[in-house]
Amino acid sequence: MNWTLLIIAGLFEVAFAACLGKAKEATGIETSYWYIGFLVCLSISMLLLIKVTQELPIGTAYAVWTGIGAVGTVLIGILIFKEPATFWRLFFITTLIISIVGLKVVSH
């Protein structure tokens, strides 16, 4: 259950980063809505991270949480914000995914 919550927390990290990107593109009152979305996603992500670190090692949980956030944010950047999908970006994202899976495998 803790690993599921950690993945959800990581996805909310991706969501709060995406909200920041959308807020940058928005104008008027829409900007405020994106910032509210940022705060909501940030709060949920942090609360879930706090919960899972009561059972999982902090080093592993934090590394996985930030890894999910990093991978997801790069993918959102490529898919939504039209950032370049170069070979090296995809290569290093792939190595990051392998590292996240590796941490899960070796954690007790």
Side-chain angles (χ1 to χ4, degrees):
M1 183 64 170
N2 284 312
W3 284 100
T4 302
L5 292 177
L6 184 58
I7 291 168
I8 294 168
L11 294 175
F12 273 101
E13 183 184 7
V14 174
F16 77 66
C19 286
L20 283 177
K22 294 301 272 183
K24 186 174 80 171
E25 294 177 347
T27 58
I29 191 73
E30 185 182 349
T31 304
S32 298
Y33 295 143
W34 285 112
Y35 283 128
I36 290 168
F38 164 78
L39 291 173
V40 169
C41 291
L42 175 67
S43 298
I44 293 169
S45 183
M46 291 293 170
L47 288 171
L48 289 173
L49 181 63
I50 290 167
K51 178 160 179 45
V52 300
T53 56
Q54 294 172 354
E55 298 293 324
L56 297 176
I58 185 72
T60 300
Y62 185 75
V64 170
W65 179 76
T66 58
I68 292 168
V71 169
T73 302
V74 169
L75 293 176
I76 291 294
I78 291 169
L79 298 172
I80 294 178
F81 297 108
K82 308 300 182 215
E83 294 175 359
T86 64
F87 169 80
W88 288 112
R89 286 185 90 189
L90 297 177
F91 172 79
F92 286 116
I93 286 300
T94 302
T95 61
L96 186 53
I97 292 168
I98 292 167
S99 297
I100 293 167
V101 171
L103 282 173
K104 164 69 169 100
V105 169
V106 301
S107 294
H108 308 139

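This chain uses plain numbering: 1 for the first residue, then up along the sequence.
- For the pair Thr31 (side chain) and Ala26 (backbone), a donor-acceptor distance under 3.5 Å is present.
- The cluster map of Ile, Leu, Val, Met, Phe, Trp and Tyr, joined by side-chain heavy atoms under 4.5 Å apart, puts Val71 and Leu90 in the same cluster.
- The minimum heavy-atom distance between Ile68 and Val14, with the atom names listed, is O-CG2, 3.6 Å.
- Screening Leu103, Val105, Ile98 against Val101 for a side chain to side chain contact (heavy atoms under 4.5 Å, CB included) leaves a single residue, Val105.
- For the ring-ring contact (aromatic ring centres under 6.0 Å, His included) test, no residue two or more places apart in sequence or in another chain qualifies with Phe81.
- Listed by first then second residue, pairs satisfying side chain to side chain donor-acceptor pair (under 3.5 Å) with a partner in residues 62-72 read Ser45-Trp65, not counting sequence neighbours.
- The side chain to side chain donor-acceptor pair (under 3.5 Å) search around Glu25 returns none, not counting sequence neighbours.
- Summarising the geometry of Thr60 relative to Ser107, their closest heavy-atom pair is CG2-OG, 3.1 Å, with the distance given to 0.1 Å.
- Grouping the Ile, Leu, Val, Met, Phe, Trp and Tyr side chains by contacts below 4.5 angstrom, directly or via other members, places Ile36 apart from Leu47.
- When all heavy atoms of Gly67 and Leu96 are compared, the pair lying nearest together is O-CD2, 4.1 Å.
- When the ring-ring contact (aromatic ring centres under 6.0 Å, His included) test is applied to Phe92, the partners found at least two apart in sequence or on another chain are Trp88.
- Residue Ile78 is grouped with residue Ile97 when hydrophobic side chains (ILVMFWY) are merged at heavy-atom distances under 4.5 angstrom, including chains of intermediate members.
- Counting only residues at least two apart or on different chains, the ring-ring contact (aromatic ring centres under 6.0 Å, His included) pairs with a member in residues 16-58 are Phe16-Phe38.
- Put simply, the side chain of Val52 does not reach to within 4.5 Å of the side chain of Leu48, judged on heavy atoms.
- The side chain to side chain contact (heavy atoms under 4.5 Å, CB included) test applied to Ile80 returns Ile76, not counting sequence neighbours.
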- Might you work through the side chain to side chain contact (heavy atoms under 4.5 Å, CB included) test for Phe12 and Val40, ending with a clear yes or no? CA-CA 9 Å; Phe12 273 101; Val40 169; 5.9 Å; no

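- At a threshold of 4.5 Å between side-chain heavy atoms, the hydrophobic network of Ile, Leu, Val, Met, Phe, Trp and Tyr places Ile58 and Leu49 in two separate groups.
- Once rounded to the nearest 0.5 Å, the distance linking NZ of Lys104 with CD1 of Ile7 reads 8.0 Å.
- Tracing side-chain contacts under 4.5 Å through hydrophobic residues (I, L, V, M, F, W, Y), one reaches Ile44 starting from Trp3; they form part of the same cluster.
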- Query: Could you go step by step and tell me if Glu83 and Arg89 meet the side chain to side chain contact (heavy atoms under 4.5 Å, CB included) rule?
  - Reply: CA-CA 10 Å; Glu83 294 175 359; Arg89 286 185 90 189; 3.3 Å; yes

